[in-house]
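Residue numbers begin at 1 in each chain, while the letters A, B, ... track the order of the sequences. The structure presented is a predicted model; accordingly, all values stated were derived computationally and were not measured.
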Amino acid sequence: MTLFTKQVVAIIAAIPEGRVMTYGQIAAHAGSPRAARQVVRILHSMSRKERLPWHRVVNAKGEIAITDDESRTMQENELISEGVAFQMDGSIDLTRFRHEPDPDCLLHHLASIKDEHE
DNA sequence: AGTATGACTTTAG
DNA sequence: ACTAAAGCCATAC
């Protein structure tokens with residue numbers, strides 16, 4: 001497992017209830033602004049083993065990115081139950097629900113991750 | 001080791 | 001506003 005992966009996991013795990021982040025955002029905070037797709041892969045592989053709030057991750061337009069119908073509905077329900085409101089067009093208002101990690105907190109977090117990283 | 005694969009993003013037409 | 005194409009790079013096989 002790479003450092004990038006651990007950072008992504010840590011960032012996702014730190015998303016509070018009722019908030020969402022985009023793939024690109026997460027990738028950028030983990031050090032690779034163009035690695036949105038890796039975030040997807042990590043979500044796929046890690047959400048099975050780890051308990052990640054994968055439902056709090058959406059695409060850049062604030063829409064649910066998942067393709068599977070059942071999972072998409074499940075994500076929708078999770079978000080609604082957390083207080084995330086969907087707009088008429090089925091997207092989320094990112095100006096209201098986007099989570100921006102606190103820089104200091106993030107730095108500290110990443111430092112401790114780097115330590116435990118082999 | 002080499003190739004294929006994405007629950008994406010951004011830019012260009 | 002919509003579609004097309006290229007870029008990205010850690011996993012899975």
Side-chain angles (χ1 to χ4, degrees):
Chain A
M1 178 187 286
T2 65
L3 179 60
F4 174 80
T5 300
K6 291 187 177 181
Q7 290 177 331
V8 168
V9 170
I11 292 169
I12 294 174
I15 304 176
E17 279 189 15
R19 289 302 178 84
V20 298
M21 284 185 77
T22 69
Y23 296 93
Q25 218 187 329
I26 294 168
H29 281 294
S32 300
R34 307 291 173 206
R37 311 186 73 149
Q38 284 63 270
V39 176
V40 171
R41 277 236 167 260
I42 292 166
L43 240 48
H44 265 266
S45 55
M46 302 305 281
S47 60
R48 275 190 289 178
K49 304 162 192 168
E50 314 280 331
R51 293 197 176 182
L52 292 179
W54 56 269
H55 54 275
R56 299 188 189 130
V57 184
V58 298
N59 68 20
K61 289 177 285 189
E63 299 168 329
I64 291 178
I66 203 168
T67 54
D68 181 63
D69 283 339
E70 294 180 40
S71 302
R72 194 182 60 229
T73 303
M74 187 168 70
Q75 176 174 12
E76 209 172 294
N77 291 336
E78 282 285 338
L79 290 176
I80 290 174
S81 71
E82 291 182 359
V84 177
F86 285 81
Q87 298 170 115
M88 288 184 298
D89 63 358
S91 68
I92 296 167
D93 185 355
L94 289 178
T95 65
R96 286 174 35 184
F97 297 106
R98 194 199 52 202
H99 169 61
E100 192 64 36
D102 174 39
D104 292 333
C105 182
L106 183 63
L107 209 61
H108 174 71
H109 219 126
L110 297 186
S112 60
I113 292 170
K114 194 189 290 181
D115 284 343
E116 76 180 69
H117 175 62
E118 267 78 57

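Distance check, rounded to the nearest 0.5 Å: NE2 of A:H108 to CD1 of A:I113 gives 10.0 Å. With values rounded to the nearest 0.5 angstrom, A:I12 atom CD1 is found 4.5 Å from A:I26 atom CD1. Between the CH2 atom in A:W54 and the CD atom in A:Q75 there is a gap of 5.0 Å [rounded to 0.5 Å].
With sequence neighbours left out, A:A85 forms a side-chain contact (heavy atoms from CB on, under 4.5 Å) with A:R96, A:F97. By the side chain to side chain donor-acceptor pair (under 3.5 Å) test, A:T95 pairs with A:D93, sequence neighbours left out. With sequence neighbours excluded, the residues satisfying side chain to side chain donor-acceptor pair (under 3.5 Å) with A:T2 are A:T5. A:H29 meets the side chain to side chain donor-acceptor pair (under 3.5 Å) test with A:E100; sequence neighbours excluded. Partners of A:R19 under the side-chain contact (heavy atoms from CB on, under 4.5 Å) rule, at least two apart in sequence or in another chain, are A:I15, A:P16, A:H99. Residues passing the salt bridge (Lys or Arg N to Asp or Glu O under 4.0 Å) test with A:E17, sequence neighbours excluded: none. In terms of the side chain to side chain donor-acceptor pair (under 3.5 Å) criterion, residue partners of A:E82 (sequence neighbours excluded) are, by chain and number, A:H55, A:R56. Every salt bridge (Lys or Arg N to Asp or Glu O under 4.0 Å) that A:R72 has, sequence neighbours left out, goes to A:D69.
Between A:A27 and A:F4, the shortest heavy-atom distance links the atoms O-CE1, 4.0 Å.
Contacts between residues 57-94 of chain A and DNA chain C, defined by a heavy-atom separation below 4.0 Å, involve no residue at all. Of the residues in residues 9-46 of chain A, A:R34, A:R37, A:Q38, A:R41, A:S45 come within less than 4.0 Å of DNA chain C through at least one heavy atom, sorted by number.
Nucleotides of DNA chain B lying under 4.0 Å from heavy atoms of chain A occupy a range whose first and last members, 5' to 3', are B:dT5 to B:dT10. The span of DNA chain C lying next to chain A, judged by atoms under 4.0 Å from heavy atoms, is bounded 5' to 3' by C:dG7 to C:dA12.
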